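Data block below; observations after.
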Amino acid sequence: PEYEEAKDQRRADVTYDDIGGLGDTIDQVREMVELPLRYPELFQRLGVDPPKGVLLHGPPGTGKTRLARAVANESEAQFFLINGPEIMGSAYGESESRLRQVFEEAARNAPSIVFIDEIDSIAPKRGQVTGEAEKRIVAQLLTLMDGLEARANLVVIAATNRPEAIDEALRRPGRFDREIIVGVPDERGRREILGIHTRGMPLGDKVDLEELARTTYGFVGADLAALSREAAIEAVRRIMPQLNLEERTVPPEVLDALSVTREDFLSALKRVQPSAMREVMVQA
Ligand code: ATP
């Protein structure tokens, strides 16, 4: 299934403009990934090998997947997704063959980006708790990365929120030897992210995204996306009484008057918790 998905999602349409609060991070990704994919001749001329693997690390929901899609799109590279936990779930030998398939197809369609989400689930430190399956998959991944030619015009990006938990062998030179931190957004970052997720919404006059950014300390991108969605749902709830459910469409005057208000956001704030807090609460 993830192989099918990889195919469907090859045309990533996210751009850098759809990512908030990660300006410096985007610069780093452009330099490490976009530049070599776009202008391999620069690196060839200088006689240096472009990076084969880049590790993105940061808490869940901070935009790692979105960033990988954006850099693929902006580099005009094909995007192949491998979901760590999903690929681990397959039958004996199947995970390795899927990995091989994805790498082969990505190489055939270069320039390409292979994105491995939650790599820690595929490649935890060997020796400790790992079973035979993990050992084989890590070995396969290392073989595939070592086999990549510097000129293959293929970059493997892996994401994790626990960089210390992955097999050290993966972080040696020629493998995931570059790291980029994708951090929790600050107030300005939250403001940018809120702007992105409310871009298509009619907003009430009193909606103040600066204020919202101030009051959402600890919220990551995924939380702010959820908050915006929830506020929109509040707006729908509010106009429900005006709808005649016998009618198949919403009357134009109701549609015209529909907007997401400050109160909708305040109600949404009561429902949406920042994910960092959820973790704290689970641990407590
Ligand atoms: P995970 O580690 O849980 O896979 P992730 O870091 O890969 O998370 P994404 O899957 O990229 O995060 O983000 C989930 C959703 O949250 C995105 O589809 C987007 O709607 C929103 N989002 C996250 N970060 C950002 C951001 N920096 N700017 C805009 N939207 C964001």
Side-chain angles (χ1 to χ4, degrees), residues 2 5-6 8-9 11-30 33 54-74 79-89 113-124 155-166 176 179-201 209 212-213 216-233 260 265 268 271-279 282:
E2 59 274 315
E5 196 184 4
D8 287 343
Q9 299 187 343
R11 298 203 169 274
D13 51 7
V14 191
T15 72
Y16 297 135
D17 289 340
D18 300 312
I19 299 173
L22 293 177
D24 295 345
T25 314
I26 292 173
D27 290 346
Q28 290 179 51
V29 171
R30 293 194 71 172
V33 181
V54 174
L55 193 63
L56 299 182
H57 68 86
T62 46
K64 299 181 289 297
T65 306
R66 190 170 259 227
L67 185 58
R69 281 185 193 286
V71 69
N73 186 30
E74 305 249 8
F79 184 78
F80 294 85
L81 177 92
I82 296 172
N83 181 280
E86 241 168 73
I87 211 166
M88 284 306 299
I113 287 177
V114 172
F115 178 69
I116 308 180
D117 200 7
E118 297 187 52
I119 193 168
D120 41 286
S121 66
I122 303 190
V155 181
V156 188
I157 301 180
T160 180
N161 43 46
R162 301 182 306 149
E164 71 295 340
I166 66 171
F176 295 98
E179 286 185 25
I180 296 178
I181 294 173
V182 182
V184 172
D186 59 11
E187 187 180 319
R188 222 179 108 203
R190 295 196 296 274
R191 170 67 186 82
E192 276 179 42
I193 297 170
L194 284 165
I196 289 166
H197 289 283
T198 56
R199 208 150 52 188
M201 286 181 191
L209 296 182
L212 273 174
T216 44
Y217 179 83
F219 282 60
V220 295
D223 301 328
L224 296 166
L227 180 73
S228 308
R229 230 170 10 243
E230 191 61 36
I233 293 169
V260 185
F265 276 98
R271 297 171 192 271
V272 180
Q273 295 280 317
S275 34
M277 288 307 284
R278 279 201 293 274
E279 264 166 42
V282 169

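In each ligand, atom 1 is the first atom listed, and ligand 1 is the first ligand listed. Below, all heavy atoms of this structure are taken into account, side chains as well, without hydrogens, waters or symmetry copies. Because the structure is predicted, anything quoted here is derived from the model rather than measured. All residue numbers in this chain count up from 1 along the given sequence.
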For [X], enumerate each residue passing the side chain to side chain contact (heavy atoms under 4.5 Å, CB included) test, keeping only those at least two apart in sequence or located in another chain.
{"X": "Glu192", "value": "Arg188"}
{"X": "Ala158", "value": "Leu55, Ile116, Ile119, Phe176"}
{"X": "Ile196", "value": "Arg66, Arg199"}

Between Val33 and Ile113, is any pair of side-chain heavy atoms under 4.5 Å apart?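 Contact flag for Val33/Ile113 side chains = yes.
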
When rounded to the nearest 0.5 angstrom, what distance separates CD in Glu86 from CD in Glu118? 9.5 Å

Asp186 CG: over 12 foreign heavy atoms closer than 6.0 Å: yes

Just to be sure I understand the cut-off, which residues have at least one non-hydrogen atom under 4.0 angstrom from an atom of ligand 1? Asp18, Ile19, Gly20, Leu22, Pro60, Gly61, Thr62, Gly63, Lys64, Thr65, Arg66, Asp117, Ile193, His197, Gly221, Ala222, Ala225

